[in-house]
2 protein chains.
Amino acid sequence: MQSEGLLRVTGDDGERTDAARNRRLLLDAAAEIVAACGAEKLTTDAVARRAGVGKGTVFRRFGSRAGLLHALADEAGRSFQQAFMAGPPPLGPGAPPLDRLIAFGEASIGRMLLDGQILRAAEQQGGPDPEHPTQQLVRLHLGMLLRELGVQDPELAAYQLAAFLNAGLLLHLQEHRGMSDARLAASWRVLVTGLAAARDTR
Amino acid sequence: MQSEGLLRVTGDDGERTDAARNRRLLLDAAAEIVAACGAEKLTTDAVARRAGVGKGTVFRRFGSRAGLLHALADEAGRSFQQAFMAGPPPLGPGAPPLDRLIAFGEASIGRMLLDGQILRAAEQQGGPDPEHPTQQLVRLHLGMLLRELGVQDPELAAYQLAAFLNAGLLLHLQEHRGMSDARLAASWRVLVTGLAAARDTR
DNA sequence: GAATAAAACGGACCGTGGTCCGCTTAAGTT
DNA sequence: AACTTAAGCGGACCACGGTCCGTTTTATTC
C-alpha cells in the first residue's frame, strides 16, 4: 500500500532494489579496477563485465564514464566534505575565515596524493563541469568564506580559487614539475591573503 | 648540395613541400568546418575528407584532434600574442607591470567572444595541457610581470592566474552564468591587485 | 496469486579518435 | 636521368564511449 498518484516511489531514494544493487556492484567493480590499473584504464566495458551487468546499465546508472568517475570521487571525498563543513577548526567552522581558506587549500592539495587520479580522470572526461554538485559545494564554501572576508564579488572569486584547486593542474604541478606540497600551499596562502588584502586596497 | 650528416633538412621548417601543402589544406578545411558547424562538429574524418587527404595525414601533421584545434587556435591568436609581446601599452611593453597584467586579463576575456569556441574545444580535448607552447608563453609572460611586481614565486602564481583565464571557464561564466565582461574584468583586477599587494603583506 | 505497468536490463550497434603498415613521392646523390 | 632513402601518404582497422530497443524484473493492485 503505497502510491503517489501514478508515481512509484519505492526504495530508499526511489530506486528499485535491483537498481541499487547494480549501482553498488558497479561502484565496487570500478574501485577495484582503478586500484589495480589506474583510473585511465577504467573502460565502461570492463567495469560492466567485472560487475556482471550489461553495459547499458552503466550508462543508465551514471549517465557516462565521467558520471561514474564522479560518483567514485564523491564517495572517496565524502569525508573531506564532512571535514570542511562540520569538522574541527581550522578546516571546519570556528576558525577565522582566512585561516579556514588557507586550511581548505592545504587540505585540497594534500588530498591529491590520495585520490587525485580519480579526480583528474573525472575532470578531464568531457571537459571540466563547473556545475557538478561537488564543484558547486566547493564554490559555495569558498564563496561564504570570501564573503566573510569582505572580498568583492565573492561568488566569482570562488570560481577563481576553485580553478586553481583542480586536480588536473595540481597533479601536473606535483608530478611533472616536481613542486612540493609546501610550495603549492605557500603560493595558495599568498593568493588568498592577497585577495583578503585587496578588500581595502581599492 | 645540402646535407647535415644524415639528416635531411629541406624546406622552410624541414617540412617537405607536400607536407606543408597538406597542413595548409587541413587548417583551411578545419577553419571552414568550424565556421560552418562549430568546433564541436569538427571530426577528424570530416576534415580529412574536406581537405582531400587521408585520415592518417591529419594525425601525422597534428598528432591528434586536440593538436589540430590548438594549431587553429594559435593561428587565430597570433595577433593577440603579438599585441601583448610587442604591441602598444598598456598591453604591450612600456606600461607598469600591474597595468599590463590588468590589460592582459581584459584582453583575454574579450578574446573569448571571438575564438573562444576553438580555444575551449582545444582545451577540453584530452584534458587541458599546461605544457602546450602557447600556454607556456602565456605563463612566461604572466610570470615576468609578476616578478616585476615582486610577487612571491611568480612562476607558480602564473599558473594560478592562467588557470582562471582558460576558455572553458570563462566561456561558461559568460554563457551559462550570464556574467558580463565588465564583471569578469573587475574580478580579475581585484585578483591581480591583491597579488601585488600581498608582496609586502607577509 | 494473477494481472499490470513502469522501471531496469543487456548487448548489439554506431560514430569517432587514434594506430598501423604497405605503397608512393619528394629530395638529395652520382 | 637513374638511384636511394627517408618522409609522407591513405585507408583499413581497432578500442572505447554512448545509444537503442526488445526482453525481463520489480513492485503494486485486485
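Sequence lines set the chain letters: A, B, ... in the order given, protein chains first and strands last, and positions in each chain run from 1.
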Nearest whole angstrom, please: distance from the [atom2] of [N] to the [atom1] of [X].
X: F62(A); N: dA8(C); atom1: CZ; atom2: C1'; result: 14 Å
X: L26(A); N: dG10(C); atom1: CG; atom2: C1'; result: 12 Å
X: K55(B); N: dC14(D); atom1: NZ; atom2: P; result: 13 Å
X: F59(B); N: dC20(C); atom1: CZ; atom2: P; result: 12 Å
X: L42(A); N: dG17(D); atom1: CG; atom2: C1'; result: 12 Å
X: L25(A); N: dC9(C); atom1: CG; atom2: C1'; result: 13 Å
X: D45(B); N: dG18(C); atom1: CG; atom2: P; result: 12 Å
X: I33(B); N: dT16(C); atom1: CD1; atom2: C1'; result: 14 Å

Subject >> Below 4.0 Å: OP1/OP2 of dG17(C) and any side-chain N or O of T44(B) >> reply: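 So the side chain of T44(B) is within the cut-off, an N or O lying under 4.0 Å from OP1 or OP2 of dG17(C).
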
What nucleotide, of [options], holds the atom closest to the side chain of [X]?
X: N22(A); options: dC9(D), dC9(C), dA27(C); answer: dC9(C)
X: R60(A); options: dC9(D), dG17(C), dA8(C); answer: dA8(C)
X: T17(B); options: dA12(D), dA26(C), dG8(D); answer: dA26(C)
X: S64(B); options: dG18(C), dT26(D), dA8(C); answer: dG18(C)
X: A19(B); options: dA8(C), dG8(D), dT26(D); answer: dG8(D)
X: T57(A); options: dG17(D), dG10(C), dG18(C); answer: dG10(C)
X: Q125(B); options: dA6(D), dG18(D), dG17(C); answer: dG17(C)
X: R61(A); options: dC9(D), dA12(C), dA8(C); answer: dA8(C)
X: D18(B); options: dG10(C), dG8(D), dG10(D); answer: dG8(D)

Subject >> Short side-chain to backbone donor-acceptor contact, E123(A) and G168(A), under 3.5 Å >> reply: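 Checking the backbone N and O of G168(A) against the side chain of E123(A), a donor-acceptor pair under 3.5 Å is found.
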
Subject >> Sidechain-backbone polar pair: S187(A) side chain, R183(A) backbone, donor-acceptor under 3.5 Å >> reply: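 Judged by distance alone, no pair lies under 3.5 Å.
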
Original post:
Base, sugar-phosphate, or nothing: which does V58(A) touch, judged by heavy atoms less than 4.0 Å apart?
Top reply: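 V58(A): no heavy atom of the nucleic acid under 4.0 Å.
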
Original post:
Looking across every strand, which nucleic acid part, if any, lies under 4.0 Å from L68(A) by heavy atom: base, sugar-phosphate, or nothing?
Top reply: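 L68(A): no heavy atom of the nucleic acid under 4.0 Å.
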
Original post:
Should the pair F164(A) and W188(A) be assigned to parallel (<30°), tilted (30 to 60°) or perpendicular (>60°) ring geometry?
Top reply: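 If you compare the ring of F164(A) with that of W188(A), the planes turn out parallel.
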
**OP:** If the plane angle is over 60° it's perpendicular, under 30° parallel, otherwise tilted; pick one for H70(A) and H132(A).
**Re:**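 Aromatic pair H70(A)/H132(A) classed parallel.
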
Original post:
Counting heavy atoms not belonging to Q82(B), are there more than 12 under 6.0 Å from its CD?
Top reply: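 Counting neighbours around CD of Q82(B), 12 or fewer heavy atoms of other residues, nucleotides or ligands fall under 6.0 Å, so no.
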
Original post:
Any ion pair linking R111(B) and E106(B) (charged N to carboxylate O, less than 4.0 Å)?
Top reply: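 Looking at R111(B) together with E106(B), the answer is no, because their closest N to O distance does not fall below 4.0 Å.
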
**OP:** Return yes if the base of dA7(D) and the side-chain atoms of R16(B) contain a donor-acceptor N/O pair under 3.5 Å, otherwise no.
**Re:**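 Flag set: donor-acceptor pair detected.
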
